[in-house]
Asker: 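Quick one: the structure is below, questions incoming.
Labels below follow one simple rule: chain letters A, B, ... track the order of the sequence lines, proteins then strands, and each chain is numbered from 1.
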Amino acid sequence: VNQQRQITSFFGKS
Amino acid sequence: MLELRLVQGSLLKKVLESIKDLVNDANFDCSSTGFSLQAMDSSHVALVSLLLRSEGFEHYRCDRNLSMGMNLGNMSKMLKCAGNDDIITIKADDGGDTVTFMFESPTQDKIADFEMKLMDIDSEHLGIPDAEYHSIVRMPSSEFQRICKDLSTIGDTVVISVTKEGVKFSTAGDIGTANIVLRQNTTVDKPEDAIVIEMNEPVSLSFALRYMNSFTKATPLSDTVTISLSSELPVVVEYKVAEMGYIRYYLAPKIEE
């Protein structure tokens, strides 16, 4: 099953 | 004090139409570099990054860095009241709670002021690391829009694969499957019609078509779109905004768990 990832799991708070 | 005068006001109208369905409220940041925005959609799956460089404005005054929270739906309502040929000026006072949009007709015989209430928005600014992308595809933006629209009538997810054969857009749904392959084509009369595929490594990633379709609202801004892909990284879909900046959409992939 393809799970939708969130953008926050790739880019951290700056 | 902030005063930004944009002769080609239609660009700002188009920018708003490109982001208002993805993001409800956002902070516009103004600095000596330019007028910018970074915001995520409500489910934190996509991120939009906008930059309009200060040099692109006829007059650009920004005494100190300013962040203005705006409801994009309301901002769009106001900008829709500007004519396509109007000059748009954005004005705000430091620490004020309103922003003013001034619309001037090209012949200067009609001048309108629209004042909009600002809002406090708690938003986290994300750091977007520089990445080397495995594959970069440049194509006519209208072609990309057509592909996303067509595929979303068949399925919910698009698989974008780049190989040395070209770039393939695939989907599957209850009624069947669809595959669209584009090959590199640089022998065109107009450079904006070219399909340029720069492949460092083959890549194949899955994305929700609902978001891709939303990104294509930026099609009127640019004849071409650039799609940058790397394994297990968000895709970047970029539209240039005339000579003055860009809208970049980042979309997290669907990954097999």
Asker: Counting only heavy atoms not in B:Asn179 (residues, nucleotides, ligands), do more than 12 fall under 6.0 Å from its CG?
Answerer: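 Result for CG/B:Asn179: enclosed.
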Asker: Any idea which heavy atoms bring B:Ala252 and A:Gln6 closest together, and the distance?
Answerer: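 Distance-wise, the nearest heavy atoms are CB-C, 3.8 Å.
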Asker: Can you sort out the partners of B:Phe207 under ring-ring contact (aromatic ring centres under 6.0 Å, His included), two or more places apart, ordered by chain and number?
Answerer: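 B:Phe207 satisfies ring-ring contact (aromatic ring centres under 6.0 Å, His included) with no other residue.
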Asker: Distance check, rounded to the nearest 0.5 Å: B:Glu232 atom CD versus A:Ser9 atom OG?
Answerer: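 If I round to the nearest 0.5 Å, the distance is 10.5 Å.
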Asker: How close do A:Phe11 and B:Gly127 get, heavy atom to heavy atom, and via which atoms?
Answerer: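 Taking A:Phe11 first and B:Gly127 second, the nearest heavy atoms are CB-O, 3.4 Å.
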Asker: What part of B:Thr157 gets closer than 4.5 Å to chain A, counting heavy atoms only: side chain, backbone, both or neither?
Answerer: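 Neither part.
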Asker: Could you pull out the closest heavy-atom pair between B:Met40 and A:Ile7, with the gap in Å?
Answerer: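 Smallest heavy-atom distance, with atoms named: SD-CG2, 3.2 Å.
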Asker: Mind checking the NZ-CD spacing from B:Lys254 to A:Gln3? Nearest 0.5 Å is all I need.
Answerer: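 Atom-to-atom, B:Lys254:NZ and A:Gln3:CD are 9.5 Å apart.
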